[in-house]
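Just below is one structure, and these are the notes that go with it.
Read the numbers this way: they start at 1 and go in the same order the structure lists the ligands and their atoms. Numbers here are sequence positions counted from 1.
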Amino acid sequence: MVVSSPNSMSTRTKKTNAIGIPTIDLSMTNGSKLSELVLKACEEYGFFKVINHGIPEQVIARMEEEGNQFFAKPDSEKKQFSGPATPFGYGSKDIGRNGDMGELEYLLLNITNPLCISDRSKTITSSDQPANFSCAVKEYTEAVRELACEILELVAEGLWIPDKFVFSRLLKDVHSDSLMRINHYPPIKQNKNNINNHVGFGEHTDPQILTILRSNDVGGLQISSPDGLWIPVPPDSNEFFVMVGDALQVMTNGRLTSVRHRAMTNSVKPRMSMMYFGAPSLNSWIIPLPNMVSPQNPSLYKPFTWGEYKQAAFSLQLGDTRLHLFENTDQIVDTNQIITPSN
Ligand SMILES: C=C1C[C@]23C[C@@]1(O)CC[C@H]2[C@@]12CC[C@H](O)[C@@](C)(C(=O)O1)[C@H]2[C@@H]3C(=O)O
Ligand SMILES: O=C(O)CCC(=O)C(=O)O
Ligand SMILES: [Fe+2]
């Protein structure tokens with residue numbers, strides 16, 4: 001397996017032993033074993049793949065078809081859905097509002113519960129039937145939200161939290177600020193050294209609670225390993241990948257860590273990925289849960305609302321470690337200041 005270091009845009013690569021991506025079979029009947037496995041994957045990688053997830057194939061196929069049809073439209077038509085009211089709607093190359101760029105085009109959609117798709121008052125269409133696109137997104141997001149909730153309930157069980165709905169309730173809230181994003185990465189030819197180093201979507205962590213990602217059968221996603229190397233994630237269009245976001249890191253007082261990831265472009269085939277970003281309502285407090293804090297394990301973060309965090313995140317650049325802004329510095333012991341008695 002070929003990996004390179006995060007935070008470096010260098011084309012140098014290192015070879016390491018194959019690093020397995022944790023895969024979790026959600027049809028496992030032993031519930032406590034399942035919650036242990038989910039927790040372990042969230043603690044060790046902040047990332048895993050789920051199989052036997054129960055989402056019907058046609059729900060995925062329909063969303064894929066609508067996405068493909070949308071991105072196949074002429075640029076002039078797609079651009080009708082972009083404009084000053086971004087971030088919601090169509091975007092090309094610009095990521096966020098602070099100058100980040102990537103080799104992709106995308107649709108960013110605000111999702112509400114009960115689900116309806118808000119796309120800046122214009123109806124996004126992929127075909128002659130405007131309703132088809134929003135029906136496909138509604139059906140798909142409903143299914144992946146359920147999957148995210150099931151996983152979050154397993155996380156709560158694994159952490160022995162008495163209220164197993166403590167995280168999933170936030171995603172089901174009628175005011176949940178969850179988003180859906182469809183990224184389309186056109187192929188970019190390899191450079192003369194045969195190294196494909198075009199960054200489609202630069203390295204970052206997702207700010208929300210949990211991300212559910214699915215892509216077509218074209219590779220490109222890479223995650224940062226605990227020892228700081230980039231691990232390519234083999235694509236699997238039938239399955240879903242789960243990523244811990246910053247908000248879940250805070251609520252578990254750093255026991256789970258949000259995963260740094262990025263997407264590279266393919267030199268031959270277009271890649272399309274779809275992400276559901278499960279988030280709480282803007283006025284929800286993001287604080288470590290009581291049973292994650294103790295005198296030995298004080299809170300690592302200052303209290304903040306999801307709205308405050310989102311505002312901070314969206315005012316920074318993609319690759320910034322925005323949680324630093326909310327760290328409880330009082331609790332960090334500066335080992336240089338510890339005076340040890342001399343003999
Ligand atoms: C540069 C940025 C893009 C982003 C908002 C931000 O200021 C920092 C976080 C970025 C991110 C990453 C995960 C999701 O793709 C996203 C929609 C999100 O919630 O946070 C994007 C934001 C974006 O593309 O607007
Ligand atoms: O397209 C991908 O595989 C990853 C995209 C991503 O990380 C994001 O949109 O936040
Ligand atoms: Fe992401």
**Q.** Within-cut-off N or O pair, Arg181 and ligand 1, under 3.5 Å
**A.** yes
Q: Would you check if the side chain of Tyr276 reaches a backbone N or O of Leu210 as a donor-acceptor pair within less than 3.5 Å?
A: no
Q | Pair Asn216-Ser237, side-chain donor/acceptor within less than 3.5 Å | A | no
Q. Does any N or O in the side chain of Asn297 come within less than 3.5 Å of the main-chain N or O of Ser294, such that one atom is a donor and the other an acceptor?
A. no
Q. If we ignore angles and hydrogens, is there a donor and acceptor under 3.5 Å between the side chains of Ser284 and Ser281?
A. yes
Q. Would you say the side chain of Tyr185 lies within less than 4.5 Å of the side chain of Met272, judging by non-hydrogen atoms?
A. no
Q | ligand 1 atoms in contact with Arg322 (distance to a heavy atom under 4.0 Å) | A | 9 (C)
Q: Examine the proximity of ligand 1 to Asp100 and report which part, side chain or backbone, both or neither, has a heavy atom under 4.0 Å away.
A: side chain
**Q.** salt_bridge(Lys302, Glu327) N-O dist < 4.0 Å
**A.** no
(Q) Taking 4.0 angstrom as the limit and counting only heavy atoms of Ala313, give me the atoms of ligand 1 inside it, by number and element. (A) 6 (C), 7 (O), 8 (C)
(Q) If only side-chain N and O atoms count, and only distance matters, is there a donor-acceptor pair under 3.5 Å linking Glu103 with His198? (A) no
Between the protein and ligand 2, are there any N or O atom pairs that come within less than 3.5 Å of each other, and if so, what are their names and distances?
| unit_1 | atom_1 | unit_2 | atom_2 | d |
| --- | --- | --- | --- | --- |
| ligand 2 | 1 (O) | Asn183 | ND2 | 3.4 |
| ligand 2 | 1 (O) | Tyr185 | OH | 2.6 |
| ligand 2 | 1 (O) | Arg271 | NH1 | 3.4 |
| ligand 2 | 1 (O) | Ser273 | OG | 2.6 |
| ligand 2 | 3 (O) | Arg271 | NH1 | 3.0 |
| ligand 2 | 3 (O) | Arg271 | NH2 | 2.8 |
| ligand 2 | 7 (O) | His204 | NE2 | 3.1 |
| ligand 2 | 7 (O) | His261 | NE2 | 2.9 |
| ligand 2 | 9 (O) | Asn183 | ND2 | 3.2 |
| ligand 2 | 10 (O) | His204 | NE2 | 3.1 |
| ligand 2 | 10 (O) | Asp206 | OD1 | 3.4 |

Q) Which is it for Asp320 and ligand 1 at heavy atoms under 4.0 Å: side chain, backbone, both or neither? A) neither
Q | Distance filter under 4.0 Å to Gln208 heavy atoms, resulting ligand 1 atoms | A | 18 (C), 19 (O)
(Q) Is it true that, when you exclude Glu36 itself, more than 12 heavy atoms of the residues, nucleotides or ligands shown sit nearer than 6.0 Å to its CD? (A) yes
Q: Would you mind listing which atoms of ligand 1 come within a distance below 4.0 Å of any non-hydrogen atom of Ile95?
A: 1 (C), 3 (C), 24 (O)
Q) Is there side-chain contact between Asn110 and Leu179, with heavy atoms separated by less than 4.5 Å? A) yes
Q.
Applying a heavy-atom cut-off of 4.0 Å, say which part of His204 lies close to ligand 1: side chain, backbone, both or neither.
A. side chain
(Q) Taking distance alone, with N or O pairs closer than 3.5 Å, would you say Leu108 contacts ligand 1? (A) no
Q. Between CE of Met28 and CG of Asn30, what distance do you get to the nearest 0.5 Å?
A. 5.0 Å
Q: Could you tell me whether some N/O pair between Leu179 and ligand 1 is separated by less than 3.5 angstrom?
A: no
(Q) My understanding is that only one of His53, Glu239, Glu64 makes a side-chain hydrogen bond (donor to acceptor under 3.5 Å, both in side chains) with Arg214; could you say which? (A) Glu64
Q: May I ask you to test the Glu153-Phe165 pair for a side-chain heavy-atom distance under 4.5 Å?
A: yes
Q. What do you reckon, is NZ of Lys40 surrounded by more than 12 foreign heavy atoms closer than 6.0 Å?
A. no
(Q) Looking at Glu105 and Lys93, is any side-chain nitrogen of the basic one under 4.0 Å from a carboxylate oxygen of the acidic one? (A) no
Q: With rounding to the nearest 0.5 Å, note down the distance linking OG in Ser168 to CD1 in Ile151.
A: 11.5 Å
**Q.** Ligand-residue contact atoms, ligand 1 with Leu318, heavy atoms, under 4.0 Å
**A.** 1 (C), 10 (C)
**Q.** Shell of protein N/O/S atoms around the Fe ion (ligand 3), taken as anything under 2.8 Å
**A.** His204 NE2, Asp206 OD1, His261 NE2
